[in-house]
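Remember, predicted model here, so these are calculated numbers, not experimental data. Every heavy atom of this structure was used, including side-chain atoms; hydrogens, water molecules and symmetry mates were not.
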Amino acid sequence: MGSGINMFAVYIADAIAIVLSILLILNKSWRTGLNNQEKKYFEILIFFVMFSCVMDVFTFALDGRDMTNFQLFVFYFSNYWSYLANIVIGPLWIVLIITHITGDKVPLRQKIFIAIVCVVGAVILFVNVF
């Protein structure tokens with residue numbers, strides 16, 4: 001590959017992030033302080049991070065190569081997911097923090113606003129593919 005990207009470093013960084021995410025999920029002490037809603041938001045956040053690390057490997061591995069139709073689909077999906085995760089993770093983190101501070105009382109206005117921001121971002125991102 002002539003891109004100059006150290007793929008070994010990408011693999012190691014993503015593998016470490018996946019392992020740390022799995023350890024966060026398996027760590028029982030983290031769960032004890034969380035209420036059900038907060039736990040749900042946290043698990044969704046960890047899922048987005050873990051899946052983004054997996055997709056990151058595909059993005060870097062396929063970038064700049066001649067691809068079959070399936071590889072092209074995987075490349076577009078992995079790039080789409082990376083940008084979508086960036087759109088969703090920030091607002092989801094805000095909801096997680098609000099839930100942690102207020103104890104399950106995120107105002108409906110804020111939930112609607114955050115949902116609209118995420119949906120509009122995802123739609124714009126999807127339209128951008130075409």
Side-chain angles (χ1 to χ4, degrees):
M1 281 193 338
S3 66
I5 296 173
N6 184 353
M7 288 304 295
F8 183 71
V10 171
Y11 296 146
I12 293 299
D14 286 328
I16 289 171
I18 290 169
V19 168
L20 288 174
S21 298
I22 291 170
L23 289 174
L24 274 175
I25 289 174
L26 295 177
N27 187 358
K28 300 293 183 193
S29 64
W30 175 249
R31 290 185 182 183
T32 57
L34 300 178
N35 60 41
N36 289 335
Q37 195 68 25
E38 189 176 353
K39 182 176 136 188
K40 181 181 88 172
Y41 292 139
F42 178 73
E43 289 172 348
I44 292 169
L45 185 67
I46 294 298
F47 165 76
F48 266 91
V49 170
M50 282 176 42
F51 196 68
S52 295
C53 290
V54 172
M55 290 294 105
D56 191 48
V57 170
F58 290 116
T59 300
F60 278 101
L62 294 172
D63 192 27
R65 297 176 57 187
D66 291 331
M67 295 179 244
T68 64
N69 286 337
F70 179 73
Q71 288 173 324
L72 191 61
F73 171 77
V74 170
F75 179 70
Y76 275 115
F77 180 76
S78 63
N79 273 298
Y80 178 82
W81 181 268
S82 295
Y83 285 102
L84 180 66
N86 284 327
I87 292 170
V88 172
I89 287 174
L92 188 59
W93 181 255
I94 292 169
V95 170
L96 176 68
I97 296 301
I98 291 170
T99 305
H100 181 74
I101 291 170
T102 62
D104 231 8
K105 299 206 175 26
V106 179
L108 184 61
R109 259 182 320 139
Q110 286 181 332
K111 283 184 179 180
I112 291 171
F113 177 75
I114 289 171
I116 288 172
V117 167
C118 291
V119 168
V120 168
V123 168
I124 291 171
L125 187 59
F126 183 73
V127 169
N128 186 49
V129 170
F130 301 103

- Out of curiosity, does V88 fall in the hydrophobic cluster containing V119 (side-chain heavy atoms, cut-off under 4.5 Å, transitive links)? no
- Would you give the length of the straight line joining atom CZ of F60 to atom CG of N6, rounded to the nearest 0.5 angstrom? 11.0 Å
- Message: Checking one residue: I16. Which other hydrophobic residues are in its cluster under the side-chain 4.5 Å linking rule?
- Response: F8, I12, L20
- Query: Does L92 reach the side chain of L96, with side-chain heavy atoms less than 4.5 Å apart?
  - Reply: no
- Does any non-hydrogen side-chain atom of V54 lie less than 4.5 Å from one of M50? no
- Item | Approximate separation, where rounding is to 0.5 Å, of C118 SG and F113 CZ | 10.0 Å
- Could you pull out the closest heavy-atom pair between S21 and V49, with the gap in Å? OG-CG1, 3.9 Å
- Query: Do you reckon I44 sits in the same ILVMFWY cluster as Y83, going by side-chain contacts under 4.5 Å, direct or chained?
  - Reply: yes
- Heavy-atom closest pair, residues P91 and I114: CB-CG2, 3.3 Å
- Task: Check whether V120 and I87 end up in the same hydrophobic cluster, where Ile, Leu, Val, Met, Phe, Trp and Tyr are linked by side-chain heavy atoms less than 4.5 Å apart.
- Result: no
- Task: Find out if a path of hydrophobic residues (ILVMFWY) with successive side-chain heavy-atom gaps under 4.5 Å connects I124 to F126.
- Result: no
- Item | Side-chain donor or acceptor of N79 paired with backbone N/O of F75 under 3.5 Å | yes
- Task: Could you pull out the closest heavy-atom pair between A122 and Y80, with the gap in Å?
- Result: O-OH, 3.5 Å
- Report the distance from atom CD1 of I98 to atom CD of Q110, rounding to the nearest 0.5 Å. 4.0 Å
- Query: About how many Å separate CD1 of I46 and CD1 of I18, when rounded to the nearest 0.5 Å?
  - Reply: 12.0 Å
- Task: Measure the spacing between CD1 of I116 and CD1 of I112 and express it to the nearest 0.5 Å.
- Result: 6.5 Å
- Query: Side chains of N69 and F73: does their closest heavy-atom pair fall under 4.5 Å?
  - Reply: no
- For the residue pair T59 and S82, establish whether any side-chain heavy-atom pair is separated by less than 4.5 Å. yes
- Task: Flag the pair W81 / F48 as yes when at least one side-chain heavy-atom distance between them is below 4.5 Å, and no otherwise.
- Result: yes
- Rounded distance (nearest 0.5 Å) linking atom CE of M55 with atom CG of L84: 12.0 Å
- Message: Quick check on F51: does its CZ atom have over 12 non-hydrogen neighbours (other residues, nucleotides or ligands) under 6.0 Å away?
- Response: yes
- Message: Hydrophobic clusters here meaning ILVMFWY residues chained together by side-chain heavy-atom distances under 4.5 Å, can you tell me if Y76 and V127 are in one?
- Response: no
